[in-house]
Amino acid sequence: MLTSVFFLVVLFADVPIGVCLCLAGVFYIFSTGNTVLLQSFPTQLFGGVDSYGLIAIPLFILIGEIMNSGGITRRLVDLAMAFVGAVRGGLAYVNILANMMASSIIGSATAQVAIMSQVMVPEMEKQGYDKTFAAGLTVYGGMLGPIIPPSVMFVVYSVLAQVAVGDMLVAGILPGLLLTVLFFGVIAVMGLFYDYPRSARRTLRERARTALAASPTLLIPVVLVGSILSGLANPTEAAAVGALAAALVGRYVTREFHWRSLPAILLRSAVYSAIVLFLVAAAAVFSWLLIYGKVPQAVTAWVQTVAHDPLTFLLLINVVLLVIGTVIDGIPGLIMTVPILLPIATGVYGIDPVHFGVVVVINLVLGLMSPPVGLSFFVAAAVTGAKPGKMFIVTLPFFLISCVALVVLSFFPWLSTGLIR
């Protein structure tokens with residue numbers, strides 16, 4: 001209990017979450033008098049990142065940085081506009097569709113929101129959409145980033161849960177498509193009430209020209225996802241090839257990526273990767289001390305008094321994780337909850353760890369779009385100038401349909417595991 005209080009005090013003092021986890025571990029060791037555990041502290045830190053699968057994280061981040069520098073995101077938007085822009089509310093559909101395609105490259109919700117807000121919101125404003133709605137819609141489109149592969153959150157979960165990285169990445173495909181379809185449905189219904197504008201209809205020749213210009217950019221997601229699904233490469237190898245493909249397409253096809261910008265791109269990728277990997281290392285220490293203190297056993301005993309079957313357990317976890325996700329970012333949320341909840345889910349209720357991982361990640365990502373923090377809304381607000389609170393209210397139907405998707409995923413595990421079993 002004292003360790004929990006100490007952790008919360010340090011966390012709300014705005015200390016980085018990775019440092020909080022390490023300090024809480026040291027506090028626990030001294031408060032219990034088990035100072036001999038300090039000898040294992042460095043070993044546990046190193047063991048947390050001593051995993052081949054984690055090499056995929058800096059490579060996925062590198063792909064996103066190269067793609068952004070190469071102007072490939074804009075071409076994906078053009079491709080989406082060529083085929084769905086002319087229907088009522090067409091640019092709203094384009095926003096979601098372009099986000100879905102960009103998700104297979106960027107893999108981070110907040111990064112995707114920042115990038116796509118710069119591209120989509122001004123264009124939607126020009127065509128008569130309300131800026132608040134356009135920014136909020138982009139936030140929910142960004143939700144697809146950590147779900148459709150590649151996904152840094154799925155890689156982190158796979159290491160925490162000791163499941164295959166490839167299985168976790170593939171498991172996000174159907175849930176990502178489900179969310180995309182549900183978002184399309186919400187746009188269609190809202191379009192009946194708000195009379196969304198149509199974009200100019202393009203001729204068949206214009207569509208063909210746009211598709212031809214954008215087709216090389218699709219090489220990157222095809223390489224990433226296709227090589228994993230086919231078994232030709234594991235996620236780390238696929239990420240390495242994808243980074244090379246992104247650089248070649250950006251340099252010799254779009255001609256917007258320059259080799260002289262590579263050092264700055266590598267530096268940004270290294271800094272972000274270091275932050276993520278330090279969190280994972282701190283998580284190893286945190287998990288080790290949780291197990292030593294028999295916290296999972298205590299939580300298991302309590303949960304079993306409330307949830308008597310797997311479905312009830314998942315619905316309970318949906319609520320708990322959604323609340324946690326509203327105040328804590330995705331990866332720290334994984335680090336704090338997975339070591340406690342996963343043994344209960346698999347050992348007590350027999351839930352597939354891959355299915356459980358998908359539910360956990362989507363919950364925590366949805367928390368990024370929920371008050372009181374709603375980090376993704378603040379990212380969009382910083383880029384567009386829209387009000388975060390208004391964004392949430394205007395796009396409330398997307399939040400509700402996302403909650404419906406979580407319930408559906410809880411009821412039907414095959415939506416997560418169908419492509420890998």
Side-chain angles (χ1 to χ4, degrees), residues 18 49-76 98-116 118-119 142 144-159 165-166 168-170 172 216-228 232-281 329-331 379:
V49 292
D50 186 21
S51 171
Y52 175 73
L54 286 176
I55 300 174
I57 289 178
L59 291 171
F60 285 152
I61 294 169
L62 178 61
I63 291 172
E65 290 287 346
I66 293 174
M67 295 282 282
N68 297 336
S69 299
I72 294 173
T73 305
R74 189 177 65 254
R75 284 167 173 77
L76 293 176
N99 267 290
M100 185 189 74
M101 291 189 288
S103 296
S104 63
I105 300 161
I106 299 173
S108 165
T110 50
Q112 188 161 321
V113 169
I115 295 164
M116 298 302 290
Q118 298 175 52
V119 178
L144 301 172
I147 301 171
I148 296 177
S151 166
V152 173
M153 286 186 68
F154 276 151
V155 174
V156 172
Y157 174 84
S158 69
V159 173
V165 176
M168 282 308 309
L169 293 178
V170 172
T217 66
L218 298 177
L219 174 66
I220 295 94
V222 168
V223 167
L224 281 169
V225 181
S227 58
I228 295 172
L232 291 176
N234 62 41
T236 303
E237 294 164 348
V241 177
L244 178 61
L248 294 176
V249 170
R251 180 66 190 95
Y252 298 109
V253 178
T254 66
R255 299 183 182 277
E256 294 186 32
F257 170 74
H258 302 283
W259 297 117
R260 63 177 176 270
S261 63
L262 191 58
I265 289 174
L266 289 172
L267 179 61
R268 288 197 300 270
S269 301
V271 169
Y272 186 62
S273 300
I275 293 170
V276 174
L277 292 173
F278 178 68
L279 283 171
V280 176
D329 200 0
I331 292 176
V379 171

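Taking every heavy atom of both residues into account, Ser269 and Leu62 meet most closely at OG-CA, 3.5 Å. Minimum interatomic distance between Arg251 and His258 (heavy atoms only, all atoms of both residues): CD-CA, 4.3 Å. Of all heavy-atom pairs spanning Phe154 and Gly172, the tightest one is CE1-CA, 3.7 Å.
The CD1 atom of Ile265 sits 9.5 Å away from atom CH2 of Trp259, with the distance rounded to the nearest 0.5 Å.
No side-chain heavy atom of Phe257 sits under 4.5 Å from any side-chain heavy atom of Val249.
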List, one per line, each side-chain donor-acceptor pair under 3.5 Å for residues 239-246, sequence neighbours excluded.
none

